[in-house]
Protein chains: 2
Amino acid sequence: MIRVLIAEDQGMLRGALGSLLDFEEDIEIVGEASNGKDALDMILKLQPDICLLDIEMPFMSGLEVAEEVKRRNISCKIIILTTFGRPGYFEQAVKVGVQGYMLKDGSIEELAESIRSVMKGKREFAPELIFGSIQEDNPLTKREQTVLSLASQGKTSKEISSELYLSHGTIRNYMSEIIDKLGVKNRTEAVTVAKENGWI
Amino acid sequence: MIRVLIAEDQGMLRGALGSLLDFEEDIEIVGEASNGKDALDMILKLQPDICLLDIEMPFMSGLEVAEEVKRRNISCKIIILTTFGRPGYFEQAVKVGVQGYMLKDGSIEELAESIRSVMKGKREFAPELIFGSIQEDNPLTKREQTVLSLASQGKTSKEISSELYLSHGTIRNYMSEIIDKLGVKNRTEAVTVAKENGWI
DNA sequence: AAATACTAATGACAATTGTCATTCTAATTA
DNA sequence: TAATTAGAATGACAATTGTCATTAGTATTT
């Protein structure tokens, strides 16, 4: 029997996932969490074999939970279950060392198969992510990402410059370059586009 | 037997919803669509009693499908099924004349109950929407939301003004008011904050 | 009937933003 | 080795942005 914990903030999917996975005769749902903090608590208390983690959840993201589980050297295996193959998320998840990364586009049967596979010690990643069809890579350099990310918080070029110990003009050059690279009109649209693509 | 069509673009939820609703002995799933266009085609072809419609779908939104169904005077009843906190949608759905508006936060049992209730001729709206009133905590007026939403697409004040047939100065006044209301520094941060809160 | 909120407008001002040309260094790649 | 890329800077220019004071019509509340 594979003991599974589900962490997903959308009630309907959480419930449905719970019911349907529980129908599988080799899988047992030991708990359901609706946010990251509860998920971490329940992992510690219930010691499940596998935890399914959504990324965007209140209080603590799935990636933060995964990081904490790995940091504390807990044996629970982690499968990230998320809507989008945001390249940033996927990269981070791999870096943290999760055992699986699946998309909510697949079927529950596929998910059950992945759970069994991970239980056997394998790693399971959604093929869409590996063969990079979604993975449009980030056209922005590290520096540009930093600058745009600060701009998204409403910081002016001058404020960004003093925060990064760079000149005012440099920041404006970077911003101009960012706008050009993303093919947008101004910093506001740049933030929108970069966020949609998971580039910042 | 209540004949139900499901239109939902997220594969996992669509499949789960299909399986679990089909378990109910008085409900029959006659079809599943993954986008708005397919949903409309299937409504015409299969003539279900009730159609569950997600809002954010490719090609045609659930609200557009609902509008078309009502416009053509098709007898199929519509239940909108969507994620919490997206402003404007609820109002628009009521205006179109849908029979139900439920949140993906609830359970499948609740959804099944709503389907039965709608089948009997009642209208079912998620209580969170009626009481909790999502629009209430949105500090922005209709006009301000429109302006900020256009700004988030990178439009300049001048472009927004000509799109809304207002003067350039008026848009800048609105933007100034928006920035003040949200307690932010500029339009870029205003977009970030408003999006995080689901206000635009 | 009076007060309030929303919509809309004008003009003026200072600050911020975006663009361009041009230069320089360090690191990487062909 | 030569070429390219990332990072950093300067100065100048025009356009855009944000603020403020002030006015006004229309609805809705009190």
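Just so it is clear, the values below take in all heavy atoms, side chains as well, and ignore hydrogens, waters and symmetry mates. Because the structure is predicted, anything quoted here is derived from the model rather than measured. In what follows, chains are A, B, ... by sequence order, proteins preceding strands, each numbered from 1.
Within the 4.0 Å cut-off from OP1 or OP2 of dA8(D), at least one side-chain nitrogen or oxygen of Y174(A) is found. For the pair T141(B) and dT7(C), the criterion of a side-chain N or O lying under 4.0 Å from OP1 or OP2 is met. Checking the phosphate oxygens (OP1, OP2) of dT16(C), no side-chain nitrogen or oxygen of S157(A) falls inside 4.0 Å. Between S176(A) and dT19(C) there is a side-chain polar atom (N or O) within less than 4.0 angstrom of OP1 or OP2.
Computed from coordinates, the I171(B) CD1 to dA9(C) P distance equals 8 Å when rounded to whole Å. Look at CD on E144(A): it is 7 Å from P on dG7(D), rounded to the nearest Å. We find that CZ of R143(B) is positioned 16 Å from C1' of dA27(D), with the value rounded to whole Å. Nucleotide dT5(D) holds its C1' atom 15 Å from the CG atom of L140(A), rounded to whole Å. Atom CG in N186(A) sits roughly 7 Å away from atom P in dT17(D) (whole-Å rounding). The distance from atom CG of D180(B) to atom P of dT19(D) is 8 Å, rounded to the nearest whole Å. Put simply, NZ on K155(A) is 13 Å from P on dT17(C), counting in whole angstrom units. Separating the NZ atom of K142(A) from the P atom of dA8(D) is a distance of 13 Å, rounded to the nearest angstrom.
The nearest heavy atom of DNA chain D to S167(A) and to K181(A) marks one nucleotide each, and the one closer to the 5' end goes with K181(A). For the pair H168(B) and R187(A), both in contact range of DNA chain C, the more 5′-proximal nearest nucleotide belongs to H168(B).
For the pair R14(B) and D54(B), the salt-bridge criterion is not met [side-chain N within less than 4.0 Å of a carboxylate O].
For K158(B), taking side-chain heavy atoms from C-beta onward, the closest of the listed nucleotides dT16(D), dT7(C), dT17(C) is dT16(D).
Remark: aromatic rings of Y101(B) and F90(B) are close, center separation under 6.0 Å.
The two atoms that bring T192(A) and K195(B) nearest to each other are CG2-NZ, 3.3 Å, heavy atoms only.
Side-chain N/O atoms of N173(B) and base N/O atoms of dT10(C) include a donor-acceptor pair closer than 3.5 Å.
Although no hydrogens or angles enter the test, the distance criterion places no donor-acceptor pair under 3.5 Å between the side chain of E113(B) and the main chain of E110(B). The main-chain N or O of M57(B) is never found under 3.5 Å from a side-chain atom of D9(B) such that the two would form a donor-acceptor pair.
Nucleic acid contact class of T170(A) (heavy atoms, under 4.0 Å, all strands): base.
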